Participant: 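Next up is a structure, given as structure tokens.
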Amino acid sequence: MKNLEEMDIPSFREDLIGWFEKEQRDLPWRKDRDPYKIWVSEVMLQQTRVDTVIPYFNRFLEQFPSLDALAEADEEKVLKAWEGLGYYSRVRNLQSAVKEVQEKYNGIVPDSPKEISALKGVGPYTAGAILSIAYAKPEPAVDGNVMRVLSRILLIWDDIAKPASRRIFEEAVRELISHENPSYFNQAMMELGALICTPTSPSCLLCPVRDHCQAFNEGVQDELPVKTKKKKQRPVELTAAVLRNHEGKLLIRKRPDTGLLANLWEFPTTEVNLEFRSEKEQFADYFKDQYETGITLGEMLGRIEHVFSHLIWNLHVFTGTIQGQIKEASDLRLVSLDEIDEFAFPVSHQRILRLYRETGEIK
DNA sequence: TACCCGTGGGA
DNA sequence: TTCCCAAGGGT
């Protein structure tokens, strides 16, 4: 790459790593080099803020302290430990991959790019992060931070929203990375992006590698990185019902094991056509069709808007009672309010439960 | 490739 | 309010 030729690479590495040794944050996954802990932290940190991850990471490792502990853990408990973190397939893939490591590699996280990349949920970033941080291998770990930082330092104008662009940055990192300390090099690049070289108003005057930065040199740091914006979320209208049986227990069901919020529990919910007849009638018909049982819906408890990365749920929340008998199953349960906290719910349905506890329980 | 897949915080 | 974002991966 042409712009790499302008770099004094040894000096850049020294300035970057020197800064990291002095300024790095004290984070729970930086206490040791245990590949399992590094792995868990990297998966949690995918598209998720450090401040959000910290308490989850601490609880998760208390509950599943080793790779073997996670491999043998009850899936429901694992999902419950992830409740509220989002992107739930991450933890399903993680447990699946951990089981594979237990069986194929005798419980030792592999240290080769090929083997580690073959594990579920381990993409190019996570593979590079584990290999460099836990095993000191000089592999690139290119995340959003690294693309932002390098786009400025090397004046790279490619659209970082395009998957194809990542390869350019990986090639650059292969040239730049310290073979003496690849762990600190990769972490320092990300730490710099998080603390100094931020998306808006970067703190260039505090930057340890300012002298190496071609964007700063030309005064275009605010123009980089180039990133096309995503499209807006699609709204979806839904009816949800907190249904009580004659014993006062609430009906919950497990979502399918693929797709949105896979394997999480929810109150019965279905899409509604607001142009059609009464919403209550539509829901009762749906319920009868699914469970062969009649219900009576009460008044609407309230409306909840829940925003996802790609869609918006407008939840119309009702209470109701179940007329006949419901046959419980592994994915269909009647539970008391004391038992319900054992089940992992998406935040949208945690909000429904809160609404019910605050206003609906007495009705 | 483009789209699917969560959540909460901050500008 | 609206928008973007935060240590991505699967399909």
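The chains referred to below are lettered A, B, ... by the order of the sequence lines, with proteins before strands, and numbering in each begins at 1. Being a predicted model, the structure only gives us computed values, none of them experimental.
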Participant: Want to settle it: does A:W29 or A:L119 sit nearer the 5' end of DNA chain C, counting the closest nucleotide to each?
Facilitator: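 The residue mapped nearer the 5' terminus is A:W29.
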Participant: Could you go through A:K99 and A:E72, starting from their C-alpha distance and side-chain angles, then the distance that decides it, and tell me whether this counts as salt bridge (Lys or Arg N to Asp or Glu O under 4.0 Å)?
Facilitator: CA-CA 8 Å; A:K99 287 178 175 175; A:E72 287 153 19; over 6 Å; no
Participant: Can a side chain N or O of A:Q47 be found less than 4.0 Å away from OP1 or OP2 on C:dG8?
Facilitator: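 Indeed, a polar side-chain atom of A:Q47 lies that close.
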Participant: Which part of the nucleic acid, if any, lies within reach of A:S41 when heavy atoms closer than 4.0 Å are counted: base, sugar-phosphate only, or nothing?
Facilitator: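 Since no nucleic acid heavy atom lies under 4.0 Å of A:S41, the category is nothing.
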Participant: Spell out, as yes or no, whether a donor-acceptor pair under 3.5 Å connects the side chain of A:Q102 to the backbone of A:A71.
Facilitator: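 Pair absent, no side-chain N/O of A:Q102 close to backbone of A:A71.
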Participant: Distance check, P atoms only: C:dA6 and B:dC5, in whole angstrom units.
Facilitator: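 Looking at atom P only, C:dA6 and B:dC5 are 23 Å apart.
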Participant: Rounded to whole Å, please give me the gap between CD1 in A:I160 and C1' in C:dG8.
Facilitator: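 So the CD1-C1' distance, A:I160 to C:dG8, works out to 13 Å.
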Participant: Centre of A:Y56's six-membered ring, under 6.0 Å away, within 45 degrees of the axis: is that where NZ or CZ of A:R59 sits?
Facilitator: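 A:R59 over A:Y56 ring: yes.
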Participant: If you pin A:T258 and A:R49 to their nearest nucleotides in DNA chain B, which one's is more 5'?
Facilitator: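 Result: A:T258.
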Participant: Tell me the interatomic distance from A:I312, atom CD1, to C:dC3, atom P, rounded to whole angstroms.
Facilitator: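 These atoms are roughly 9 Å apart.
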Participant: May I ask you to say whether A:K254 pairs ionically with A:E76, meaning some side-chain N is under 4.0 Å from a carboxylate O?
Facilitator: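 Between A:E76 and A:K254 there is a salt bridge, with a charged N closer than 4.0 Å to a carboxylate O.
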Participant: Just to be sure I understand the rule, does A:R255 reach a base, reach only the sugar-phosphate, or reach nothing, if contact means heavy atoms closer than 4.0 Å?
Facilitator: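 A:R255: no heavy atom of the nucleic acid under 4.0 Å.
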Participant: What nucleic acid atoms does A:L27 come within less than 4.0 Å of, heavy atoms only: base, sugar-phosphate, or nothing?
Facilitator: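 The answer is base, as A:L27 lies within the cut-off (heavy atoms under 4.0 Å) of a base atom.
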Participant: Listed in order of residue number, which residues of residues 81-100 of chain A have a non-hydrogen atom at under 4.0 Å from DNA chain B?
Facilitator: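 Here the set is A:G84, A:L85, A:G86, A:Y87, A:Y88.
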Participant: Heavy atoms only, 4.0 Å cut-off, all strands: where does A:S309 land among base, sugar-phosphate and nothing?
Facilitator: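 Base contact - A:S309 has a heavy atom under 4.0 Å of at least one base atom.
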Participant: Describe, in one word, how the ring planes of A:H212 and A:F12 are oriented to each other, choosing from parallel (under 30°), tilted (30 to 60°) and perpendicular (over 60°).
Facilitator: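 Taking A:F12 first and then A:H212, their aromatic rings stand perpendicular (interplane angle over 60°).
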Participant: So what does A:R351 hit on the nucleic acid, given a heavy-atom distance under 4.0 Å: a base, only sugar-phosphate, or nothing?
Facilitator: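 The residue A:R351 makes no contact with any strand.
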Participant: Would you sort out whether A:E42 and A:T126 count as a side-chain hydrogen bond (donor to acceptor under 3.5 Å, both in side chains), showing the intermediate values?
Facilitator: CA-CA 6 Å; A:E42 292 301 341; A:T126 304; 5.8 Å; no
Participant: Which value, rounded to the nearest 0.5 Å, describes the distance between A:I17 atom CD1 and A:S183 atom OG?
Facilitator: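 So the CD1 of A:I17 and the OG of A:S183 are separated by 9.0 Å.
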Participant: Using chain A heavy atoms and a threshold of under 4.0 Å, write down where along DNA chain B the contacts begin and end, 5' to 3'.
Facilitator: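 Going 5' to 3' along DNA chain B, contacts run B:dT1 to B:dG8.
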Participant: Keeping A:D289 on the side-chain end and A:D285 on the backbone end, is there a donor-acceptor pair under 3.5 Å?
Facilitator: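 No, the answer is negative, given that no donor and acceptor are paired below the 3.5 Å cut-off.
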Participant: Using a 4.0 Å cut-off on heavy atoms, which residues in residues 227-235 of chain A reach DNA chain C? List them by number, or say none.
Facilitator: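 Those residues whose heavy atoms fall under 4.0 Å from DNA chain C, taken from residues 227-235 of chain A in numerical order, are A:K227, A:K229, A:K230, A:K232.
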Participant: Can a donor-acceptor pair be found, under 3.5 Å and without considering hydrogens, that links the side chain of A:R357 to the backbone of A:L337?
Facilitator: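 Answer holds: yes.
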Participant: Roughly, in whole Å, what's the span from CG in A:L45 to P in C:dC5?
Facilitator: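 After rounding, the gap between these two atoms is 18 Å.
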Participant: Provide the distance between the two P atoms, one in C:dT11 and one in B:dG6, to the nearest whole Å.
Facilitator: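 That atom pair is separated by 14 Å.
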Participant: Contact class for A:V50 vs. all strands (heavy atom < 4.0 Å): base, sugar-phosphate, or nothing?
Facilitator: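 Base contact.
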Participant: Do the ring planes of A:F283 and A:Y286 sit parallel (below 30°), tilted (30 to 60°) or perpendicular (above 60°)?
Facilitator: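 Plane angle between 30° and 60°, so tilted.
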Participant: Name the nucleic acid region contacted by A:A141, choosing base, sugar-phosphate or nothing; use a 4.0 angstrom heavy-atom cut-off, strictly under.
Facilitator: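 Since no nucleic acid heavy atom lies under 4.0 Å of A:A141, the category is nothing.
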Participant: Dump the intermediate steps for side chain to side chain contact (heavy atoms under 4.5 Å, CB included) on A:Q47 and A:Y87, then the final yes or no.
Facilitator: CA-CA 9 Å; A:Q47 300 291 285; A:Y87 288 142; 3.7 Å; yes
Participant: Just by modelled atom types, is the A:Q221 backbone N or O under 3.5 Å from a matching donor or acceptor in the A:R152 side chain?
Facilitator: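 Here the side-chain-to-backbone pair exists.
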Participant: Identify whether any heavy atom of A:V122 sits under 4.0 Å from a base atom; if not, whether one sits that close to sugar-phosphate; answer base, sugar-phosphate or nothing.
Facilitator: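 Counting heavy atoms under 4.0 Å across all strands, the contact made by A:V122 is with sugar-phosphate only.
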Participant: So, does A:N186 use its side chain to make a donor-acceptor pair with the main chain of A:N181 at under 3.5 Å?
Facilitator: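 Between the backbone of A:N181 and the side chain of A:N186 there is no qualifying donor-acceptor contact (under 3.5 Å).
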Participant: How many Å lie between CG on A:D143 and C1' on C:dA6, as a whole number?
Facilitator: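 Atom-to-atom, A:D143 to C:dA6, this comes out as 9 Å.
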Participant: Let me spell it out: for each of A:K162 and A:P346, pick the nucleotide of DNA chain B with the closest heavy atom. Which residue's pick is nearer the 5' end?
Facilitator: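 Result of the comparison: A:K162.
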